[in-house]
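Remarks on the structure that follows.
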Number of protein chains: 2
Amino acid sequence: MSKKLEQPTQTLKTPRGRRPNGNGLSSTTIMDVAREAGVSYATVSRVVNNKEYVKSDTRERVLKAITSLGYVVNQQARSLAGGRSYAVGLLVRDLGSSYMGEIVRGIDESLSAAQYNLMLYTTHRRKIKERIYVNNLIQGMTDGLLLVLPENLEAYLETLDQTNFPYVLIDHQGLDERTPVVITTNWQGGYDATRYLIELGHRRIGFLTGMMDMRSSQDRLSGYQAALRDHGLPADPQLVYEGTYYQPEGYAGAQSLLRLPEPPTAIFASNDVMAFGVMEAVRDAGLRIPSDISVIGFDDIAQASQVAPPLTTVAQPLEQLGREAVRMLLARINNPEQPIARTILPTTLIIRQSCDVPRNV
Amino acid sequence: MSKKLEQPTQTLKTPRGRRPNGNGLSSTTIMDVAREAGVSYATVSRVVNNKEYVKSDTRERVLKAITSLGYVVNQQARSLAGGRSYAVGLLVRDLGSSYMGEIVRGIDESLSAAQYNLMLYTTHRRKIKERIYVNNLIQGMTDGLLLVLPENLEAYLETLDQTNFPYVLIDHQGLDERTPVVITTNWQGGYDATRYLIELGHRRIGFLTGMMDMRSSQDRLSGYQAALRDHGLPADPQLVYEGTYYQPEGYAGAQSLLRLPEPPTAIFASNDVMAFGVMEAVRDAGLRIPSDISVIGFDDIAQASQVAPPLTTVAQPLEQLGREAVRMLLARINNPEQPIARTILPTTLIIRQSCDVPRNV
DNA sequence: TTTATTCTTGCAAACGCTTACAGAAATGAT
DNA sequence: ATCATTTCTGTAAGCGTTTGCAAGAATAAA
């Protein structure tokens, strides 16, 4: 190849002091690629961003230069110039539960497929933090926001809406019907599990609620109550124990239910973790699962199939919840006119071995 | 206040089209603050960055303008100009285990205290991803990198070192003694737990290893072996079962150990999750814990104290691991000359109720 | 061939900030 | 009061991109 490409006369002001990249190496820029490929930096930008109006052999030449130089676009600069940061913020309470783990897995899989970065913020249940984070995030750091089980929506949802900043709530109903959310059929899940127990022959079914300030907990409870009603069974308030979604509360709740003068023959816990507590309490009371007491959970976290006996439970498509939320968010980012949507994903009853027909039927 | 401050003649070129902030609102910039406070934007920058040489009443005036306008610095611009992004990257395999949860908690607590942002990357054990992420991250996105249990170090550690990019490994030994790491005393933990069992009177102690390609697993095993040796006990290879750190493997391992012609009287699992599997298997074999078989774990995750009986285990200061890593990383970021350090945090034996003297002594 | 269109490409400005540099103001020493 | 310092503040350049605009190249239409 002897056909020398003449260097375009680009404004090559001598840099003030070639500031190295924060660390040692001063990185290759769009300019370097342009020089290497013998085009202007604007063209390189067009190639990088897959814009139309680039001759295909020019494009190839640039692409080759990019790989040979190992060029990686500088997101900060891109964001500054173009108004896109290619990052989304994720606000969660806490990590470390498989509930979160699965949701986050769905989120970051979809996000990385779309070449987006993830900024993580954990509130550790400090409500004030939510607002602080949100304020920083919408200030250009990210293009959108994903909120898993937010606790303090009132503090910033209005701000988000006013600035028309893209966001999606996960596993939270939102403040009204105009909030974009991804949720599951909690009511139906509660209903299905209860009906299953009823159809097995159970007449007294204990219920352990989650935190009752969460809409999902309320829905599971009403699903349970509706199923009882539909099958002509009384809704004995003694059978409903108010829990918190944590394991010890499952243990305590089961103990309290078992001590009842007329104890239940089945216990429905509003999540798997509490169901594990229930199983322990049942065992400690010298009873067997499922022959003496049936136990059913909610969520279908990975452990549910690993305990003994494997737990019958209502599966929530957690990973899908995350994926769906990302899909909605990106749609909204790419087209702000996009009408806001609410996605409701179905729960499924997973029948394993923790339930059986009641003993004394 | 009638003392009108004359407007400094700042280059106020008419903007090309007042690009709104990606969303609706065009955000307040350093310029707006400058105008409001009647100073130049450089001064505002000095105030924001807490630089010296600003008269205190000027500083106050600027501060007031900042709050009244609700100004938030644009990180991308700051990063572009100054070479600091105030973000660190966190590379993990997976979320959703309480092991990770606790480490991440420590990390993001320290990080947010230092006003740093966290970019999260999960590899889901796809080794290729590690390198891709690392390459992007060091390209200006972040000021430093935290790697929890990396699996593919060889692929990029050299790059990191060459560019002198700040990073710290968590719970990984690194390739040589010159890698900055935060680890725990795995060997000692293995030793302590084993010695405890020996001192209770156990002579045949089963051991379930973790994934043996991890140095921590090897260390726990050698701690176990050393304790046996130091107490004059034989190291029966039949008593060592190679596991994976996952619960089903704990179940399987315990089953296999219990089927031995001369089964152990105690089982030491290399992590708590496997220990839970062990407990299940022991129970399913019709044996009691701790009267028939003692069980001991490693990690001290939250659940360890909640199972029945509460699990005796070797606590790793996971949250502290995270905090320490951040401390080291920020030190390195703020002073690249900082000599690389290796921090070793102590494990502690937590005695609960899953161990007892052996039955047939 | 000439002219009108449609493609390609380069130039320059702008994104919001940091920081070197230099001039102005204030302070201290003489 | 004068000069040397020191403290304070403003100007300008530059960080690495994106993108409107306009000019040149290629193609289609006449």
Side-chain angles (χ1 to χ4, degrees), chain A residues 7-22 26-34 37-59 61-62 71-86 139-141, chain B residues 5-22 26-34 37-59 61-62 71-86 139-141:
Chain A
Q7 291 292 346
T9 47
Q10 277 163 202
T11 13
L12 281 178
K13 314 154 191 171
T14 22
R16 190 185 4 146
R18 203 65 189 123
R19 189 219 47 189
N21 184 23
S26 52
S27 42
T28 54
T29 74
I30 208 177
M31 293 290 229
D32 302 322
V33 177
V39 296
S40 78
Y41 54 87
T43 301
V44 176
S45 172
R46 288 189 192 101
V47 171
V48 169
N49 291 287
N50 252 305
K51 300 249 163 148
E52 49 188 357
Y53 296 143
V54 179
K55 229 184 354 196
S56 63
D57 64 324
T58 310
R59 186 182 297 273
R61 199 145 32 92
V62 172
Y71 166 77
V72 176
V73 31
N74 178 318
Q75 289 294 357
Q76 350 265 344
R78 164 183 280 191
S79 153
L80 234 205
R84 271 286 189 88
S85 67
Y86 292 93
Q139 198 63 31
M141 286 245 66
Chain B
L5 298 151
E6 40 265 75
Q7 291 293 347
T9 46
Q10 278 162 202
T11 13
L12 282 177
K13 314 154 191 171
T14 23
R16 187 184 8 144
R18 201 64 189 123
R19 188 219 46 191
N21 184 21
S26 52
S27 44
T28 54
T29 75
I30 208 177
M31 292 289 229
D32 302 321
V33 176
V39 297
S40 78
Y41 54 85
T43 300
V44 176
S45 172
R46 287 190 193 100
V47 171
V48 170
N49 292 287
N50 253 305
K51 300 250 161 147
E52 49 188 357
Y53 296 143
V54 179
K55 231 192 338 207
S56 64
D57 65 324
T58 310
R59 187 182 296 274
R61 201 143 31 92
V62 172
Y71 167 77
V72 177
V73 27
N74 178 320
Q75 289 293 358
Q76 349 265 344
R78 165 184 280 191
S79 152
L80 194 53
R84 271 286 187 88
S85 68
Y86 291 95
Q139 196 64 30
M141 284 245 65

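Reminder, nothing fancy here: chain letters follow the sequence lines and each chain counts from 1.
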From C-beta outward on [X], which listed nucleotide comes closest to its side chain: [options]?
X	options	value
Y41(B)	dG10(C), dC21(C), dT18(C)	dT18(C)
L80(A)	dC11(C), dG16(D), dT18(C)	dG16(D)
K55(B)	dC17(C), dC8(D), dT18(C)	dC8(D)
S45(A)	dT19(D), dT9(C), dG16(D)	dT19(D)
Y53(A)	dG16(D), dT8(C), dC21(C)	dT8(C)

[N] OP1/OP2 closer than 4.0 Å to side-chain N/O of [X]:
X	N	answer
N49(B)	dT18(C)	yes
S40(A)	dG10(C)	yes
T58(A)	dT9(C)	yes
T43(B)	dG10(D)	yes
K51(A)	dT19(D)	yes

**Request:** Would you check if the side chain of Q75(B) reaches a backbone N or O of Y86(B) as a donor-acceptor pair within less than 3.5 Å?
**Result:**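 Pair absent, no side-chain N/O of Q75(B) close to backbone of Y86(B).
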**Prompt:** Is a side-chain N or O of R61(B) found less than 3.5 angstrom from the main chain of A37(B), in a donor-acceptor match?
**Reply:**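 Answer holds: yes.
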Find the distance [X]:[atom1] to [N]:[atom2] and express it as a whole number of Å.
X	N	atom1	atom2	result
R78(B)	dG16(C)	CZ	C1'	11 Å
R84(A)	dG16(C)	CZ	C1'	19 Å
I30(B)	dG10(D)	CD1	P	12 Å
D57(B)	dA25(C)	CG	P	15 Å
E52(A)	dG20(D)	CD	C1'	15 Å
N74(B)	dA14(C)	CG	P	18 Å
Q76(A)	dC15(C)	CD	C1'	13 Å

**Prompt:** Under a 4.5 Å cut-off applied to non-hydrogen side-chain atoms, are V62(A) and R46(A) in contact?
**Reply:**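 They are not in side-chain contact.
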**Prompt:** Between A77(B) and S56(B), which is nearer to the 5' end of DNA chain D once each is assigned its nearest nucleotide?
**Reply:**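 Residue closer to the 5' terminus by nearest nucleotide: S56(B).
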**Message:** Between V73(B) and R46(B), which residue's closest nucleotide on DNA chain C lies nearer the 5′ terminus?
**Reply:**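 Here V73(B) is the residue nearer the 5' end.
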**Request:** Calculate, to the nearest 0.5 Å, the distance between atoms OH and OG1 belonging to Y41(B) and T29(B) respectively.
**Result:**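 Reported value, rounded in 0.5 Å steps: 11.0 Å.
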**Request:** Could you tell me which non-hydrogen atom of Y71(A) sits nearest to which non-hydrogen atom of T28(A), and how far apart they are?
**Result:**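 That would be CD1-O, 3.4 Å.
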